[in-house]
Structures are given as C-alpha cells and as structure tokens.
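First the structure, in the form of structure tokens, and then the observations on it.
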Protein chains: 2
Amino acid sequence: MIAPELLEKYGVVKKSFDKNEIIFEEGIFPANYYQVLSGEVKMSNYNDEGREFIQGIFYKEQSFGEPPLFLNQKYPANAIAVDNSEILLLPKSNFMKLLEENPKISIKIIENLAQRLYYKSVMAAEISTQEPEHRVLKLIDHGIAYFNFKKDANGYLINFTRQQIGDLTGLRVETVIRTIKNLEKKGELKIINRKVYR
Amino acid sequence: MIAPELLEKYGVVKKSFDKNEIIFEEGIFPANYYQVLSGEVKMSNYNDEGREFIQGIFYKEQSFGEPPLFLNQKYPANAIAVDNSEILLLPKSNFMKLLEENPKISIKIIENLAQRLYYKSVMAAEISTQEPEHRVLKLIDHGIAYFNFKKDANGYLINFTRQQIGDLTGLRVETVIRTIKNLEKKGELKIINRKVYR
DNA sequence: TCGGTTTTATGATTTTAATCATAAAACAAG
DNA sequence: CTTGTTTTATGATTAAAATCATAAAACCGA
C-alpha cells in the first residue's frame, strides 16, 4: 500500500467500477499502477472451456497487477471488480518517478511482492500434491491471516462462496461442498446456516 | 542478480554444496541472502506421502529464497543442490544494509520477484485448470525463455527429466512420459534418443 | 567393464474428483 | 410479495490420471 496522499502528488486518478466490470484484461500491456480504495477486486484466468482460476482477491489499500508493469509483459490474467469498487490509477511513468524519488516505497513493494509470492508458493504445492481437504483448509487458514475475514462468537467467518473456494484451489463446486461437509464432521470447521466458520 | 563485487563489499561468503546436499530446510527462519555462483539449485516441497513439488530451479547468477527473508517468515520449501554447486551467502543484516545503501538494487530485486510471481501465476492457472498436454507445453515454453535451455540443430533441448517435468507440473512420471509421446505424435515436439526437443 | 541406479517405457487396474442431473434454500431486484 | 438468479446440496455415473507391476535402456561409479 502506498499512502493516497503520496499518490496524489504524482497525479493519481480515482476511477469507479461497477460490480463485474473489467478493470483490465489478460493479454494487454500494463499502463498503470492500481490500488484499491474501496470494494473488492479479483484477478483470474479462464481456460478454453471457460473454467475460472482465481489468482488472488484484493481489498482496500491493496495493490494489484504490478508484476507485468515492471516486466513490460502482457497481463497473464484479468482483473474484475467483484463489488462496486473505487480504484486509484497511477500512470506507469509517474509511478516509476515516484519509486525513484521515494526509495522507501521500493522496500514496501518488495515486501508486498514477497508476500504474494509466498502465498503462491504455498498454494501451488497444495494444489499439485495435496488432497481436497488439505487444500481447502490451507486456503482458509491463509485467508484468516491475509484476507479480511472477521472473527465473531463462532470463530472466523470465511466469507467466500463454495464456488470461489473452488476457483482458488482448483476444485469443482460440488467437490468443495462435499469437502467442507467432511471437514465439519471431523470438527475442523463449523457450518452455521450455510456459512463456514473456523 | 547482484554483482559479486558488490556483494563482496558487504561480506559475502562462498560456500560449496555437494550434489543433493540441503542448503536450507522448510520451516526454518531465513538468515541469509542466497545467490548461485555455479551449479544448480531446486526449491521444493514434499507432502506427507513423500510426493515432491518443485517450486523452481535456479542457475548461475540467480538468487533464491528471498521472500521469507523479507517477511520474517519460515521457509515454505526446501532448497537442495541438484549438482555440486557454489553458493554466495550474505547475512540478512548485511543484505539489508546493501539494499539501503544501493537503491538501484531494490529495483532489480523487484524485477526479479515480479518475474517469479509471473511464472507462478501462469503455472498455477495451468496446473489447476489445464490438461496434461497444455501444462507440459506451457512449462517447456516458459523454460525456453527463462531456464537455460540450449538451442541446437534439432531445436531447444529440454534438459529436464520426465520426473522433473512431473514435479513442476503436478503430474506423475508415467503421465508425463505418455503426454510427451502424444505431443510428439502431434508434432509439437521431437524426441531424439529419449531427449526432448522443441 | 561390471553392477547398481536412474530414467524411460508400457500395459492393466483402480481411485478420485469431475461431470451430469436435479432441486431446495437463500438472496436480490423490481 | 413475486420472480429470477445465485448458492448450496445430493445422488449417480464417468472419465482421466494415478497407481501398480514390470522391464528395458542408459548412465554412472568403482
């Protein structure tokens, strides 16, 4: 996260996106730095049969889409507003100027990329070698630490749909539903009127 | 990659590792910045049944294991020398000092992390939604761009074993062998006395 | 060059999650 | 409130890759 006041000095623009509106598409070249001001954004891929894989979900104060910006490569995925969202956009050249003139921000960017790389490393290993129950639990436990899950009397409320969990773990909805039921039986989590708690 | 001369100014140490020797293990806290001087290093995970997932393979001049170093988190995977290798080690505090005093290096680190994040994004989507042939081809094409595959009269020599391809794509050896055979039939690649070319 | 190990190879069988089909419950919009 | 859509749910069937078994070829070290 870069302080909005600092971004303003470099000419940031605020833009609103409706629910389900595309922010940028796979295959195009990046032109901006993006940071969520309010709402929720997902980055995802669709394969030829239309099956979705969610790369990540981003909330207030989080930035997204930087890697291709630094590499001058095409976006490997789409960014879509999950809810009505306000996004800060900073043109690439201004962003680079900001970085040059504020070396401490570089460290923040590094930490942020490191965090995302860490998540991807963990989930990649899960997805390719672990069974559904393990994958789902790992995603949930990661989410408690890094997505904005709220704690209440029943524990942490996992505010993802079964479909989203599937798209984040490479599983089908039906498999996620059955897996979550099993995890409840084993006492690993609770289902209270269809909502998942841990 | 950070120039070895610069690393030396900050007290880098050269260490040799035998083939199959462990450089660091999953679960421990990072203490050093690592950069390959010669040889080959792989980072990988093992699940409870001993099945391996290779996070990445690193060659001459490449660094590895930075994310947990920046986050003060445990390593999510093991680093093992694939061949006899010489590795440069810089203690964390010295490395941080180097970064502070050389802002341009931060940009290099950012670009490097961005590159690795890009690879992980692409492969994560592949592994969770695509079929074996697609996964293997994507890995190979990525490898041509970023691993050190050499080109000769037959095309690029993919110097990975079938097992390694499997451990990088989440497939079993037998599946990789059959998949590669099919890809050859379709003319997507060549097999010349067991070696794969593209 | 001999013997052990790794890598590639192939066929048969099994397992597991995907797929298909269908529906109830919950939610959202008008 | 009604209606359309999304989400959760469950059972039956299928398909695809994993697993199991076995072996030849290649490579490596003493």
Side-chain angles (χ1 to χ4, degrees), chain A residues 18-20 40 42 46-54 80 82-84 126-137 139-140 157-185 189-197, chain B residues 18-20 40 42 46-54 80 82-84 126-137 139-140 157-185 189-197:
Chain A
D18 290 335
K19 183 173 176 168
N20 295 325
E40 187 180 341
K42 75 171 174 194
Y46 297 90
N47 74 1
D48 352 293
E49 287 101 46
R51 187 165 171 194
E52 186 176 14
F53 174 73
I54 300 177
I80 297 167
V82 175
D83 279 331
N84 295 341
E126 285 292 318
I127 288 172
S128 51
T129 71
Q130 303 287 7
E131 48 194 29
E133 291 188 13
H134 204 282
R135 289 196 220 181
V136 169
L137 268 192
L139 175 77
I140 286 174
L157 168 62
I158 312 307
N159 65 335
F160 281 156
T161 64
R162 314 287 196 268
Q163 182 66 62
Q164 283 180 314
I165 293 174
D167 294 341
L168 284 157
T169 55
L171 298 168
R172 291 306 217 171
V173 211
E174 299 96 321
T175 304
V176 173
I177 289 166
R178 294 185 246 251
T179 300
I180 286 177
K181 291 253 152 118
N182 281 341
L183 287 169
E184 192 202 19
K185 264 186 212 138
L189 37 78
K190 278 176 268 183
I191 304 177
I192 296 162
N193 60 20
R194 300 173 148 213
K195 294 193 183 308
V196 179
Y197 290 88
Chain B
D18 289 334
K19 184 174 176 168
N20 296 325
E40 186 180 343
K42 75 172 174 193
Y46 298 90
N47 75 0
D48 351 294
E49 287 102 45
R51 186 166 171 195
E52 185 175 14
F53 174 73
I54 300 177
I80 298 167
V82 176
D83 279 332
N84 295 339
E126 283 293 318
I127 289 172
S128 51
T129 70
Q130 302 286 8
E131 47 194 30
E133 292 188 14
H134 204 282
R135 289 195 218 180
V136 169
L137 268 192
L139 175 77
I140 286 175
L157 168 62
I158 311 308
N159 65 335
F160 282 155
T161 64
R162 313 290 196 265
Q163 182 66 62
Q164 284 179 314
I165 293 173
D167 293 343
L168 283 158
T169 54
L171 298 168
R172 292 305 216 170
V173 212
E174 299 95 322
T175 305
V176 173
I177 289 167
R178 293 186 246 253
T179 300
I180 286 177
K181 290 254 153 116
N182 282 340
L183 286 169
E184 193 202 18
K185 263 185 215 140
L189 37 78
K190 278 176 269 183
I191 305 177
I192 297 164
N193 60 20
R194 297 173 150 216
K195 297 194 182 307
V196 179
Y197 291 87

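The sequence lines fix the lettering, A, B, ..., with proteins before strands; numbering per chain opens at 1. Since this is a predicted model, take the numbers as computed values, not measurements.
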Atom pairs, protein N/O to nucleotides 26-29 of chain C N/O, distance under 3.5 Å:
none

For nucleotides 15-18 of chain C, give me every protein contact, N/O to N/O, under 3.5 Å, one pair per line with atom names.
residue: C/dA18; atom: OP2; partner: A/Arg172; partner atom: N; Å: 3.3
residue: C/dA18; atom: OP2; partner: A/Thr175; partner atom: OG1; Å: 2.3

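Rounding to the nearest 0.5 Å places CG of B/Leu171 at 6.0 Å from OG1 of B/Thr179. Between the CD atom in B/Glu40 and the CG atom in B/Asp83 there is a gap of 5.5 Å [rounded to 0.5 Å]. Separation of atoms CZ (A/Arg194) and CD1 (A/Ile180) is listed at 12.5 Å; rounding is to 0.5 Å. Rounded to the nearest 0.5 Å, atoms OG1 (B/Thr129) and CG (A/Asp48) are 8.0 Å apart.
End-to-end axis angle of the helix from C/dG4-D/dC27 to C/dG30-D/dC1, from C1' rotation axes over five pairs per end: 60° (rounded to 10 degrees).
Under the 3.5 Å distance criterion, the side-chain polar atoms of B/Asn84 are matched with a main-chain donor or acceptor of B/Lys19. Remark: the backbone N or O of A/Phe53 is not paired with any side-chain donor or acceptor of A/Asp167 at under 3.5 angstrom. With hydrogens and angles disregarded, a donor-acceptor distance shorter than 3.5 Å links the side chain of A/Arg135 to the backbone of A/Gln130.
For DNA chain D, the contact window with chain B, defined by any atom under 4.0 Å from a protein heavy atom, covers D/dA17 to D/dA26 in 5' to 3' order.
Take A/Tyr197 and apply the ring-ring contact (aromatic ring centres under 6.0 Å, His included) test, not counting sequence neighbours, and it matches no residue. In this structure, the side chain to side chain donor-acceptor pair (under 3.5 Å) partners of B/Glu126, at least two apart in sequence or on a different chain, are B/His134.
Side-chain contact check for B/Arg178 versus B/Thr175: every heavy-atom pair is 4.5 Å or farther apart.
Contact between B/Glu184 and B/Lys190 at its shortest, heavy atoms only, is CG-CA, 4.2 Å. The two residues A/Leu189 and A/Ile140 make their nearest non-hydrogen contact at CD2-CD1, 3.8 Å.
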